[in-house]
Structures are given as C-alpha cells and as structure tokens.
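In what follows, a single structure is set out as structure tokens and then discussed.
Nothing here was measured: the structure is a model prediction, and the numbers come from that model.
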Amino acid sequence: MSPQKIYAEWIKANNVPNYIKNEIKKYSKSEIETYFKNEKLHFGTAGIRGIIGGGTNKMNIFTYMQMTVGYAKYLKKHFPKNTTVIIGHDNRILGEEFTYACASVLTSFNIKVLLFKNNHLTPTPIVSYAIIKLKTDGGIIITASHNPKNYNGYKVYNCDGSQILPKVANEIEKLMPTCEELLTLSYTLKQNKLSFINEKIITSYLKDAQKVIVNKKIINVKKNYPVIITTHHGTASSYLPKFLKNLNFNINPVKEQCYPDCNFTNSPSSNPEFFDSFKKSIELANKKKAKILIGVDPDADRMAVMIKHNNKWTLLTGNQMGIIFTYYLLTNKKYINPYIISSYVSTNYIDKIARKYGVKIYRTGTGFKWMGNLITTKGDNNQLVVAFEEAIGALPTSINRDKDSFTSSALALEIDYMCRKNNMDLLDYLEKVIFTKFGSWFGKTESFTINDLNWKNIAKNKMRFFTNYKNKNICGYQIKKIQFNKTGNCLEWLLSNNSWIKFRMSGTEPKFKIYYELNGDNLEKLQSDYNKMNKELSDLFYK
C-alpha cells in the first residue's frame, strides 16, 4: 500500500482522534511520503525515537501498540512462563498515555506489567536497577532522552537491565504488525495483570548509588560551598537534589527547571552536552557565587559538569570527565580484575592511564546498549571502573546497566571536593596533574544538523565524500590511513602522532558528527590545530 493510500485510510478511520486528523490534513505531499511510509519504525542507537504526531513513522498510540505487539510476541517466545515487564516513562508529552497503551498490549498477551507508583515518571537508571533487583524478564522506557520537546521514544531492556542489542531489536521489528494493520490494533488493559512497584526499590537504589563515593569520610563532612543543579523539567527533579544533599553537598536547584514539565517551559535546550542548557544555572551560580554546575537530561541518564575556571564558565566534555574519572578511581581505589569500557569514538587517552595500572579497556559501538551488555558478560569476577561516552554520560558502578546521572554526579562532586582541598578545580586536575604525567591531549566533537526530511541520504553522501578523500595530510598532520570501523560504525582517519579524526551518522537524530583526538606536548598548539582542522572540514561538509 502506498503512503497516499495509508494516509487516506487514516483520514477516514473512526478510531483516529480528530486532533490527529486535523494535524495530518495539513501535511504537504513530501510529509505524507515521509510520515506514512509503509515501513516499520526501526531501533537506532538508543531505541526508537521520533516526532509525536499522526502517521506510520511518527510516535502515536498506534505505533506504540505496534512496537509493543512485536515485543510481546518476542517475550512469549523466549520467556513463556510468568512473563513480567517493568514500564517507566519520563516527563514527555503523552508519556503516561503511551505507558498505559504498552501495558494494555502486554497484559492482553498475559504478560504481567509492573509500573512505578501512580505511574509516576522515573529516572532511566532507576528503571534499569529495578529490572535487575526485581528479576523481571525485561522493561520498556518511554523516553526521547535529550531530544526536542516534540519527540518521544521507546527503549526496550533485557532481563539484566541493559538495552537490547540489534539481534533482539531485529527480531522484535519482524514480529511487529505491518503499517497497514496499525488501525486495526485495539487492546484493553487487564487490571489483574497490572501491579505497582513498592517505593522501597527507589530507596534501595539511592542507598546503593551512595557506594560510588570512594572516600566514605567525606559523606559526613558538611560542604558549605554552593553546587548548582538543573534537571531540565525531567525525572531527576525531586530525586537528584535529595540524593546529593544526603551526601552533605550544599545543593541549590534551579527552581524554574527542577519540576516535571512536558513543555520544557524554562529549558529551551534540555541537552547538558551543550552550553546553552546551562544558561539559567549560570544566572543562579553568579548570584550564589558558585563555581560548579551539574546538568542532567530529562530521563536522568546523561550528566555534564560546568565549572568556573580562570573566571570563565567552561563545560567539560564526556571525554574530559572520562579521563578524570579513570585517573581518580585508579589512583584512589583498589579493584579485582578491573576494566574500563568506552566507545570507538571516545578518547584513546585513557589507554595510557590504563596501561600504567594494568587495567583492560574494552571498546564498543556508540550507544550504552553495547556497554551495558558487556558489563553483564564480564560477570562478577571482574570489576568495572567506569564506562563512559564522549557525548557525556557515564556509569562508575555496576548496580545497573545504563548511563547514570546520580552516581556520576556524586563521583564528580567528590573529585571536585578533593580538588578544592588542593586549591584546584577539575580542569586544573586534568591539565596540571594528569597531563603532566601522561602528555597533553585535546578532543572535541562537532555536530552538523541536517534540516531535511531526506537527511539520511544526505549524511550517507557526506560519508562517501570523506571515505574517498584524496589529500594525504590535513593542517600539518599526515593522514596515514582511511578505514571504516564496522564495530564502531564510524569512518576513521588515522593521523600522525597517534591522533585521529572520525566521522559518524547519528542513529537517532538528523545529525552528522566529526570527532577529533589530538595528542602532543603543547595543549595550546593542539587547540590551534583543532581550530584549523575544524574550519577546513566544516567548509568541506557544507561545500
């Protein structure tokens, strides 16, 4: 059936709400072709994400039922007896409704569903933790992470609390009803198959999360200097400030942003990877004379740190925090068979530190699904030091299997506390302590947004261009080899001096990313080299 015919079916169907009909009537011809494709939604880097609205390729009650029918069939095939699933959601538009739609499908397949009390929004790391603790067969989280407010999403979790890998995702997709069947889907919630999780699970998580603190003595020390926190209207709004206050940090939430709001009223940018998301935090910090800010995204898995360094607000990258976490943990904590996990597009600088302390490093494709599954594979006989990604987000414990803003915030504030006692800040610690021992380094990620419905084909063309690049050097660095890293799903330019540039299409949003890693003896020169490289490659990208 063509997009036009599917569209016509939606227009005349009695079960399509009027608000959706009114929306899709305004679609252009190209929008009908895009949003009414006879093609199922696909799992990307972190689940399925899309714009909320009418159509077979948007997030709505019908596509949520479609996805969950596939998941239900998968569960009944692999976990046929006493099947149980947890469903959580963040603060996004229609999150509660989509949760009950998924629950209606699952209970109709005689799968027991566990929701958090009153179907209240719940942080992703707590959902992952609960799956492990309650020994369920899997889980669903209704979230679009840090995407714009008109997005929602669907993440599926294994029984070990990690996100599903492509093999499982592909099987679920095959079991989903076709797009032509969408409007025939109708399920009623079976109340006898629905239960609510005791709030003790959250108390248990917060207690276990405290164990990330290396120097336990600091928990009882009252820290009087102010720490500013923003949760961007998301799931951590009540939990994270209380958690950090219990560690005796002087937490000052940005009140305008620390309450649930599906419209993100006071957070035009909810992605703490970007400087703009800290605007209100900086305003409060200047009033309180604070020097450190913590920002987390709406589902509370990603965390970023901003500090006032040399009287200038500086946002630390995921790579910088990954290096800092690695060095601090390995120099202050003892491990049995320690290992670190990072992605292929994240920094290699940690290799130098790991070699010195005899620690194994494992690299995965982009997305924490790979890291979470690897933690389970390594088992209890090996101890995780930290898993992290360059695009912010870390897990410095193994109590769950996804990025965790709670444990990573606590660890970051512990290291900041140690730095203050030595008249340093986190950037001083990186550059004056770590770089002094292991050499200078500079890393950066540039993200190019492609504003076109055909963005995937445009991004593929850009990738082909950089794959076939003919020049043998860039800004004084020799391009020694160009290769595609299949596991990392990225194109690699291997440069002289153990440096590199990598290229990757985003798996969840219309973006093309270029990653830089430069090593040398002089940090200022490396920054200058990056500026030249980035200008040259940006010009080529837009050419």
- Item | side-chain hydrogen bond (donor to acceptor under 3.5 Å, both in side chains) between Ser269 and Asp276, intermediate numbers included | CA-CA 6 Å; Ser269 171; Asp276 284 353; over 6 Å; no

- Item | Check against side-chain hydrogen bond (donor to acceptor under 3.5 Å, both in side chains), Asn158 and Gln163 | CA-CA 6 Å; Asn158 294 311; Gln163 292 180 53; over 6 Å; no

- Query: What do the steps show when you test Glu273 against Leu315 for side-chain contact (heavy atoms from CB on, under 4.5 Å), and what is the final call?
  - Reply: CA-CA 8 Å; Glu273 188 180 357; Leu315 179 60; 6.0 Å; no

- Task: Please step through side-chain hydrogen bond (donor to acceptor under 3.5 Å, both in side chains) for the pair Thr136 and Tyr157, ending with a clear verdict.
- Result: CA-CA 10 Å; Thr136 66; Tyr157 286 73; over 6 Å; no

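A centroid separation of 6.0 Å or more is found between the aromatic rings of Phe264 and His232. Ring pair Tyr35/Tyr27: centre-to-centre distance below 6.0 Å. Aromatic ring centroids of Tyr71 and Tyr154 lie 6.0 Å or more apart.
Ring planes of Phe406 and Tyr239: tilted class, angle from 30 to 60°.
Heavy-atom contacts from other residues, nucleotides or ligands closer than 6.0 Å to NZ of Lys112 number 12 or fewer. Around NZ of Lys288, the count of heavy atoms belonging to other residues, nucleotides or ligands within 6.0 Å does not exceed 12. Around atom CG of Asn82, no more than 12 heavy atoms belonging to other residues, nucleotides or ligands sit under 6.0 Å away. Atom NZ of Lys149 sits in a sparse spot, with 12 or fewer heavy atoms from other residues, nucleotides or ligands closer than 6.0 Å. Within 6.0 Å of NZ in Lys76 there are more than 12 heavy atoms belonging to other residues, nucleotides or ligands. Residue-environment remark: NZ (Lys216) exceeds the threshold of 12 foreign heavy atoms within 6.0 Å.
With salt bridges taken as basic N to acidic carboxylate O contacts below 4.0 Å, none links Glu173 and Lys40. The pair Lys26-Glu23 does not meet the salt-bridge criterion, since no charged nitrogen lies less than 4.0 angstrom from a carboxylate oxygen. A salt bridge does not link Arg302 with Glu389: none of the charged nitrogens is closer than 4.0 Å to a carboxylate oxygen. Using a 4.0 Å cut-off between a side-chain N of Lys or Arg and a carboxylate O of Asp or Glu, Glu171 and Lys77 qualify as a salt bridge.
Nearest approach of Trp370 to Leu165, heavy atoms of both residues: CE3-CD2, 3.6 Å.
Tyr417 is listed as a side-chain neighbour of Val221, based on a closest heavy-atom distance under 4.5 Å. Looking at Met306 and Ile282, their side chains come closer than 4.5 Å, going by heavy atoms from C-beta outward.
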